[in-house]
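Right, one structure below, let's go through it.
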Protein chains: 2
Amino acid sequence: MNTTQFSIGQLAKQVKCKVETVHYYEKSGLMPEPPRTEGGHRIYALSHIKRLNFIRRCRELGFSIKQIRELLKFIDEPDHYCGEVKAMAMLQAREVQQKIDDLTRLKLALNEMVGQCKGSGYSIDDCPIIDALYIENNQLS
Amino acid sequence: MNTTQFSIGQLAKQVKCKVETVHYYEKSGLMPEPPRTEGGHRIYALSHIKRLNFIRRCRELGFSIKQIRELLKFIDEPDHYCGEVKAMAMLQAREVQQKIDDLTRLKLALNEMVGQCKGSGYSIDDCPIIDALYIENNQLS
DNA sequence: TCTTGAACCTGTAGTTACTATAGATTCTAT
DNA sequence: ATAGAATCTATAGTAACTACAGGTTCAAGA
């Protein structure tokens, strides 16, 4: 009868998140309502650790709660196909690449500024940082 | 007397954000309190468009309001000592680099997962993306 | 067994960066 | 002059947590 069980605190510790976060995920419908002790304390099993870990990893990867609910549907209702999961991951990857590109430009601008800084400040009209980011707008208009 | 002026609506439209967001940035101290008409409507100039655009771009890049306030100090208080400005710019650049690194890892993880997934060939039970995120946990226990 | 004190419970409030709504006022174009 | 679009202020709602408050339960030591 050694079916390993966990308190919410142990669960949270395993996955390195806060107890309140687990509560929140339960309220949000990502984590199920687990069985309780006589006194009302939540009892978790290994599968819950797996699930919570999945949720946390997805959050780190930039998925929203809503998106994760979608992903979990694939697990909970296995009538879905893997292709949907793949599509979501690809979309996410594209957005991440976009952010990387933008940040790279910003970093170049910052470095440029460091190089150009000679003690006199820039006015709003010729600040290399502002200009670096303003380009975006010119292209649009 | 053709100093181009803009209403808050025109400003927002230019930068593709909501009027309320401009209000919010004013309250947050990112946008200045502009001159008003007799009746109290805000009047903006070109420099405000530039500034708002900069703020929006920075937000897209993951900077917090607080960080953007720091960045804007470069422009608003150009009397900083050169060394001070350089230090701030370099610190920002380091943070940006950190973000780039994080996002790069994230993208690799996503791409790896996508690459391992054929798409629509099989059901959720053997979807490598789901597996990839579950595995993480096994390593911990 | 009895008793602390840590962990847990529910519920509400605070956080960030907006977004939406309400009700009043102002601007603009016919 | 007047309709209606845009603006004004102020407040409430959103996402994804985080942090209390104030009570109850659990586990370990005396």
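We name chains A, B, ... by the order of the sequence lines, and we start the count at 1 in each one.
Annotation for Ile65(A) and Leu30(A): closest pair CD1-CD1, 3.8 Å, computed over non-hydrogen atoms. Closest heavy-atom contact between Val19(A) and Gly9(A): CG2-CA, 4.0 Å.
In terms of position along DNA chain D, the nucleotide closest to Gln10(B) lies nearer the 5' end than the nucleotide closest to the other residue of the pair Ile65(A) and Gln10(B).
Applying the ring pair (Phe, Tyr, Trp, His ring centres under 6.0 Å) test to residues at least two apart or on different chains, none of the pairs has a partner in residues 13-42 of chain A.
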Please report the C-alpha distance between Arg57(A) and Glu60(A) in whole Å, then the side-chain angles of each, then the deciding distance to 0.1 Å, and finally whether the side chain to side chain contact (heavy atoms under 4.5 Å, CB included) criterion is met.
CA-CA 5 Å; Arg57(A) 288 282 292 137; Glu60(A) 281 171 28; 3.4 Å; yes

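Residues Glu33(B) and Arg42(B) are not paired through a salt bridge, judged by the lack of any N-O separation under 4.0 Å between the basic side chain and the carboxylate. The existence of a salt bridge linking Arg51(B) and Asp76(B) is confirmed by a sub-4.0 Å separation between a basic side-chain nitrogen and an acidic carboxylate oxygen.
Going from atom NZ of Lys66(B) over to atom C1' of dC18(C) covers 18 Å, rounded to whole Å. We find that CZ of Arg36(A) is positioned 19 Å from P of dA7(C), with the value rounded to whole Å. Rounded to whole angstrom, the span from the CZ atom of Arg59(B) across to the P atom of dA17(C) amounts to 5 Å.
No donor-acceptor pair closer than 3.5 Å links the side chain of Gln14(A) to the backbone N or O of Leu11(A). Thr104(B) contributes a side-chain N or O that, together with a main-chain N or O of Ile100(B), makes up a donor-acceptor pair within less than 3.5 Å. Not one N or O on the side chain of Arg59(A) forms a donor-acceptor pair closer than 3.5 Å with the backbone of Ile68(A).
Among the atoms of the strands shown, only primed sugar atoms or phosphate atoms (P, OP1, OP2) are found under 4.0 Å from some heavy atom of Arg56(A).
The salt bridge (charged side-chain N to carboxylate O under 4.0 Å, His left out) search around Glu20(B) returns none, not counting sequence neighbours. Every ring pair (Phe, Tyr, Trp, His ring centres under 6.0 Å) that His48(A) has, sequence neighbours left out, goes to Tyr44(A).
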Please tabulate the protein-to-nucleotide N/O contacts below 3.5 Å involving nucleotides 26-28 of chain C, giving atom names and distances.
residue, atom, partner, partner atom, Å
dC27(C), OP1, Thr37(B), OG1, 2.8
dC27(C), OP1, Gly39(B), N, 2.9

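Taking every nucleotide of DNA chain D with any atom under 4.0 Å from a non-hydrogen atom of chain A, the first and last of them, 5' to 3', are dA16(D) to dC26(D).
Within residues 19-32 of chain A, the residues having any heavy atom closer than 4.0 Å to DNA chain D are, in order of number, Glu20(A), Thr21(A), Tyr24(A), Tyr25(A).
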